[in-house]
Amino acid sequence: MKLSELEPQIASLPATSAKAGAQLYQFVLDNPIYDIVEVGTFHGKSACYMAAALQEKGRGSVTSLDVPVSLTFQPNAETLSQSLGLSDYVKPMRAHFGSHWLLRHMIANSTVDGACTHRFDLAFIDGVP
């Protein structure tokens with residue numbers, strides 16, 4: 001999805017500004033980034049900026065981590081990405097103990113003998129502890 005198509009559809013949502021969203025989109029588009037983890041989802045706006053760039057590239061995913069209360073937001077990451085045709089690229093995960101701890105567990109599960117295996121090309125830390 002082109003940035004010019006995306007921005008008008010999500011401009012009214014809080015958090016990520018149009019300028020910051022455009023920077024995220026362009027950074028993902030211009031670099032060898034295909035697997036992204038985002039800590040902090042809120043409505044899923046920044047995830048959709050990155051997912052739109054991945055869709056332009058034809059592959060990849062944004063694993064977006066948050067707490068279960070984010071499911072109550074209107075829209076939430078699932079409904080927003082679905083309404084934009086980006087749900088194949090946005091993979092929300094939630095944990096009661098928080099997004100930062102979920103990331104910690106993901107890293108621990110990818111670590112063998114003190115070495116973490118490559119899992120993500122970009123980590124976007126967007127949440128609050």
Side-chain angles (χ1 to χ4, degrees):
M1 171 178 274
K2 300 283 185 199
L3 181 62
S4 60
E5 299 167 12
L6 176 65
E7 182 53 39
Q9 297 183 65
I10 61 175
S12 65
L13 292 174
T16 308
S17 69
K19 180 180 178 182
Q23 289 172 330
L24 277 172
Y25 175 92
Q26 202 61 51
F27 185 74
V28 171
L29 195 62
D30 291 346
N31 291 283
I33 296 169
Y34 298 96
D35 296 303
I36 301 168
V37 63
E38 175 188 39
V39 179
T41 303
F42 197 31
H43 292 282
K45 189 175 180 181
S46 57
C48 285
Y49 277 112
M50 294 183 285
L54 293 174
Q55 186 185 55
E56 284 290 304
K57 294 165 92 166
R59 68 181 176 107
S61 67
V62 179
T63 301
S64 193
L65 314 177
D66 214 326
V67 291
V69 72
S70 65
L71 277 167
T72 66
F73 300 150
Q74 295 300 319
N76 59 43
E78 287 86 347
T79 57
L80 182 62
S81 62
Q82 184 175 24
S83 72
L84 296 168
L86 297 170
S87 58
D88 288 345
Y89 298 89
V90 178
K91 310 296 181 207
M93 293 178 67
R94 292 180 178 80
H96 290 284
F97 46 84
S99 54
H100 294 82
W101 279 100
L102 185 54
L103 178 60
R104 183 209 173 279
H105 286 287
M106 293 170 76
I107 292 169
N109 290 336
S110 296
T111 302
V112 177
D113 296 327
C116 186
T117 58
H118 177 87
R119 182 158 178 195
F120 297 107
D121 303 315
L122 174 66
F124 182 61
I125 311 298
D126 195 27
V128 293

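Here the structure is a predicted model, which is why all the values come from computation and not from measurement.
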### Query
Taking everything shown except H96 itself, do over 12 heavy atoms lie less than 6.0 Å from its NE2?
no
Calculate, to the nearest 0.5 Å, the distance between atoms [atom1] and [atom2] belonging to [X] and [Y] respectively.
| X | Y | atom1 | atom2 | answer |
| --- | --- | --- | --- | --- |
| D126 | F42 | CG | CZ | 10.0 Å |
| L86 | M50 | CG | CE | 11.5 Å |
| Q55 | S81 | CD | OG | 11.0 Å |
| I107 | R119 | CD1 | CZ | 9.5 Å |

Report yes or no: does [X] contribute a side-chain atom to a donor-acceptor pair with the main-chain N or O of [Y] at less than 3.5 Å?
| X | Y | value |
| --- | --- | --- |
| K91 | V62 | no |
| D35 | D121 | no |
| Q82 | S87 | no |
| E56 | A52 | no |
| D66 | T41 | yes |
| K57 | Y34 | no |

Hey, are the side chains of [X] and [Y] touching, using non-hydrogen atoms and a 4.5 Å cut-off?
| X | Y | result |
| --- | --- | --- |
| L122 | F27 | yes |
| L24 | F124 | yes |
| L65 | M106 | yes |
| S70 | N76 | no |
| T117 | T111 | no |
| L80 | S83 | yes |
| R59 | L54 | no |
| I10 | L84 | yes |

### Message
For a quick test of reading the model, state the closest non-hydrogen atom pair linking Y25 to M1 and the distance between them.
### Response
OH-O, 3.2 Å
#### Entry: Nearest non-hydrogen partners of S46 and T16, listed with the distance
CB-OG1, 3.4 Å
### Message
Quick one about E38 and S64 (side-chain donor to acceptor, distance below 3.5 Å, no hydrogens or angles considered), yes or no?
### Response
yes
### Task
Determine, stepwise, if the pair L6 / Y49 fulfils side chain to side chain contact (heavy atoms under 4.5 Å, CB included).
CA-CA 8 Å; L6 176 65; Y49 277 112; 3.6 Å; yes
Cluster overlap [X] with [Y], hydrophobic side-chain contacts below 4.5 Å:
| X | Y | result |
| --- | --- | --- |
| W101 | L103 | yes |
| L71 | L102 | no |
| V67 | M93 | no |

### Task
Specify whether F97 and H105 have parallel, tilted or perpendicular ring planes, treating 30° as the upper limit for parallel and 60° as the lower limit for perpendicular.
perpendicular
### Task
Could you walk me through whether E78 and R94 pass the salt bridge (charged side-chain N to carboxylate O under 4.0 Å, His left out) test, one step at a time?
CA-CA 12 Å; E78 287 86 347; R94 292 180 178 80; 2.6 Å; yes
